[in-house]
Amino acid sequence: MNLTIIQNICDGTLRPNLTSDLKFRELANMFSNLPDNLQAVERLFANNFPTLQFDFEEERPNSIDEIAPDSYTPINENYISNKMELDIPKPSNPKEKFYQAIVNSEIQRVKLAIIDYAQNQRSDIDTRKNITDTLKSILHFAKRCNSDNDPIMLALRTKLVCFYVELVAIASPLLTQNKNYLSFDDLMFEVFSKYPNDEETNIYNNFCNQAVSPKIPASIEKQIVESSPELQLLKTKYDTFMDAVQLYGFLELSKLKQLTPEKQSELVFNLVKSIPYAIAMINFLEYPKHLKEKYDGFHTKEALYRHVSKALNTSHDTIKGQFLAYNNPNSMKAINYTSYQYRDEVKIFYENLVCK
């Protein structure tokens with residue numbers, strides 16, 4: 001994606017020392033209240049900066065699925081509103097407010113453009129290249145903003161670091177750390193020539209925790225707000241489950257990566273309704289296999305039982321019994337535990353969700 005505004009702030013006609021004739025207060029207010037769709041944001045930029053060369057059409061998807069089909073993995077479009085907020089001084093005058101507003105607007109425009117591209121191009125190869133090229137551009141301009149005496153450029157540098165992290169979160173289903181993007185520590189070192197301090201690391205970790213949990217679908221959220229104690233209890237179970245499993249890459253499971261964030265949350269919301277059903281779905285998703293392969297602490301079944309009992313807020317013995325019954329329906333354990341009865345049901349639910 002083109003970073004036209006940011007490029008012009010760094011070395012074009014929007015350099016802070018060249019913009020004294022702009023109506024900073026008016027433009028700052030205008031760009032502080034963005035429309036919520038891509039085309040309207042693009043018109044806002046084009047109408048207010050007519051001398052800049054915006055190549056919006058160049059950014060459009062040009063899908064060739066029928067000629068050369070490619071795999072398609074949805075990106076985390078629901079994460080577009082998630083913000084990482086490293087410390088940036090508040091604007092002290094209309095000019096500084098203007099620059100922060102148009103940078104925020106450029107960031108939002110690029111996120112919307114990438115989501116539009118991914119949805120319509122439907123090609124992991126093309127979308128990944130588009131995003132990694134954008135990340136390289138963000139890093140390039142962040143390293144250019146090295147004027148320690150200019151508050152506008154200092155704010156821009158920090159905002160670009162935050163933008164980099166936010167874009168990685170949106171695109172995480174397609175990206176691999178160190179291959180497609182820098183870790184937060186390495187990013188901070190590249191831009192600031194130092195590793196993050198404790199406060200910055202905490203801000204980053206809090207952002208990651210915010211970004212990793214799929215949002216409950218709006219239709220379900222509305223029911224919860226208006227609703228019965230039963231739905232409120234399910235929301236609590238959902239949160240408890242996600243708090244436990246998000247630490248171990250649950251959303252990186254191959255079957256879950258085929259779903260949009262909203263569908264992921266729908267699956268989890270349904271999963272926590274019943275312990276036997278939950279164990280069947282967890283096995284269908286191959287979460288136990290994932291834990292054993294990725295984490296040293298899960299080489300024993302007892303460790304798995306402890307983890308899942310915490311995630312589902314039930315007893316260790318119940319979880320152990322359900323796993324044993326699922327894996328061996330003919331055992332004596334299957335008399336008291338029914339997880340094996342849901343093998344087909346969870347598969348059908350998942351397949352319907354994929355096609356929905």
Side-chain angles (χ1 to χ4, degrees), residues 1-59 79-116 134-167 169-170 187-188 191-192 200 203 207:
M1 294 295 162
N2 299 305
L3 305 180
T4 306
I5 293 293
I6 291 164
Q7 179 181 358
N8 274 274
I9 293 173
C10 289
D11 50 26
T13 58
L14 289 178
R15 281 176 291 170
N17 63 329
L18 299 179
T19 56
S20 58
D21 59 334
L22 290 178
K23 298 178 180 179
F24 295 122
R25 192 189 309 276
E26 179 181 326
L27 288 169
N29 291 334
M30 185 180 302
F31 280 91
S32 295
N33 297 284
L34 282 184
D36 59 3
N37 68 85
L38 177 61
Q39 289 70 32
V41 175
E42 290 174 346
R43 285 195 299 271
L44 191 64
F45 275 115
N47 291 340
N48 287 281
F49 299 101
T51 62
L52 300 187
Q53 297 297 314
F54 293 104
D55 296 320
F56 297 137
E57 291 306 314
E58 180 187 331
E59 300 176 345
Y79 295 172
I80 187 172
S81 60
N82 290 359
K83 307 291 184 186
M84 192 176 87
E85 298 182 348
L86 294 175
D87 184 41
I88 298 175
K90 289 188 176 181
S92 61
N93 55 60
K95 184 175 182 178
E96 291 179 13
K97 183 178 180 182
F98 159 77
Y99 275 98
Q100 291 196 21
I102 62 168
V103 170
N104 287 339
S105 300
E106 172 99 307
I107 290 171
Q108 184 72 356
R109 184 197 68 76
V110 172
K111 288 181 180 179
L112 289 169
I114 283 174
I115 288 170
D116 178 72
T134 304
L135 290 171
K136 289 175 184 176
S137 294
I138 295 169
L139 179 60
H140 167 76
F141 288 116
K143 293 169 72 172
R144 292 278 311 279
C145 303
N146 56 5
S147 176
D148 292 336
N149 297 320
D150 187 337
I152 292 171
M153 300 306 286
L154 285 174
L156 174 58
R157 179 167 60 175
T158 303
K159 282 184 175 293
L160 288 174
V161 168
C162 293
F163 180 24
Y164 189 102
V165 173
E166 292 163 8
L167 183 53
I170 291 172
L187 173 64
M188 291 291 285
V191 175
F192 295 102
E200 291 163 339
I203 291 171
F207 169 80

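Predicted, not measured: the structure shown is a model, and the values here were computed from it.
- Take Tyr99 and apply the side chain to side chain donor-acceptor pair (under 3.5 Å) test, not counting sequence neighbours, and it matches Thr19.
- Of the possible polar contacts, one joining the Asn37 side chain to the Ala40 backbone as a donor-acceptor pair under 3.5 Å is found.
- With rounding to the nearest 0.5 angstrom, the CG atom of Asp150 is 8.5 Å from the CD atom of Glu96.
- Put simply, the side chain of Thr158 does not reach to within 4.5 Å of the side chain of Asp87, judged on heavy atoms.
- For the atom pair CD (Gln53) and CD (Gln7), the distance works out to 11.0 Å, reported to the nearest 0.5 Å.
- Residues Cys10 and Phe141 approach most closely at SG-CD2, 3.8 Å, considering heavy atoms.
- Between Leu3 and Ser137, the shortest heavy-atom distance links the atoms CD1-CB, 3.7 Å.
- Closest non-hydrogen pair, Phe192 versus Arg157, comes out as CE2-NE, 3.4 Å.
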Report task. Determine, stepwise, if the pair Val165 / Leu187 fulfils side chain to side chain contact (heavy atoms under 4.5 Å, CB included). Result -> CA-CA 9 Å; Val165 173; Leu187 173 64; 3.9 Å; yes
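- Separating the CD atom in Glu57 from the CD atom in Glu59 is a distance of 9.5 Å, to the nearest 0.5 Å.
- In plain terms, the two heavy atoms of Tyr164 and Leu135 that are nearest each other are CE1-O, 3.5 Å.
- Checking side-chain atoms of Asp116 against main-chain N and O of Leu112 turns up no donor-acceptor pair under 3.5 Å.
- Interatomic distance, Ile152 CD1 to Cys145 SG, rounded to the nearest 0.5 Å: 11.5 Å.
- For Lys143, the salt bridge (Lys or Arg N to Asp or Glu O under 4.0 Å) partners are Glu190, not counting sequence neighbours.
- Counting non-hydrogen atoms of neighbouring residues, nucleotides and ligands closer than 6.0 angstrom, the CZ atom of Arg25 reaches no more than 12 such neighbours.
- Residues Asp11 and Arg144 are in side-chain contact: their nearest non-hydrogen atoms beyond the backbone lie under 4.5 Å apart.
- Gln108 places no side-chain N or O within donor-acceptor distance of the main-chain N or O of Leu34, the cut-off being under 3.5 Å.
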Query raised in the report: So Phe31 and Phe45, ring pair (Phe, Tyr, Trp, His ring centres under 6.0 Å) or not? Walk me through it.
Result: CA-CA 9 Å; Phe31 280 91; Phe45 275 115; 5.1 Å; yes
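- Atom-to-atom distance recorded for Glu85:CD and Cys162:SG is 8.0 Å, nearest 0.5 angstrom.
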Requested in this report: Decide side chain to side chain contact (heavy atoms under 4.5 Å, CB included) for Leu18 and Thr13; before the verdict, give the C-alpha distance in whole Å, the side-chain angles of both, and the deciding distance to 0.1 Å.
Outcome: CA-CA 7 Å; Leu18 299 179; Thr13 58; 5.7 Å; no
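- A heavy-atom distance below 4.5 Å is not found between the side chains of Gln39 and Phe56.
- With sequence neighbours excluded, no residue forms a salt bridge (Lys or Arg N to Asp or Glu O under 4.0 Å) with Lys97.
- Contact annotation: the side chain of Asn2 never approaches that of Phe54 to less than 4.5 Å [non-hydrogen atoms, C-beta and beyond].
- Scanning all heavy atoms of the two residues, the minimum distance from Val41 to Ser105 falls at CG1-O, 4.5 Å.
- Side chain of Glu106 to main chain of Ile5: a donor-acceptor pair is present (N/O by atom type, distance under 3.5 Å, no hydrogens or angles).
- The main-chain N or O of Met1 is found under 3.5 Å from a side-chain atom of Thr134 such that the two form a donor-acceptor pair.
- Although no hydrogens or angles enter the test, the distance criterion places no donor-acceptor pair under 3.5 Å between the side chain of Glu166 and the main chain of Ile80.
- Going from atom CZ of Phe163 over to atom CG of Leu156 covers 11.5 Å, rounded to the nearest 0.5 Å.
- For the pair Asn93 (side chain) and Lys95 (backbone), a donor-acceptor distance under 3.5 Å is present.
- Formation of a donor-acceptor pair under 3.5 Å by the Asn8 side chain with backbone atoms of Leu14 is not found in this model.
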Query raised in the report: Could you walk me through whether Ile102 and Leu27 pass the side chain to side chain contact (heavy atoms under 4.5 Å, CB included) check?
Result: CA-CA 8 Å; Ile102 62 168; Leu27 288 169; 5.7 Å; no
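- The shortest heavy-atom contact between Leu44 and Asn48 is O-ND2, 2.8 Å.
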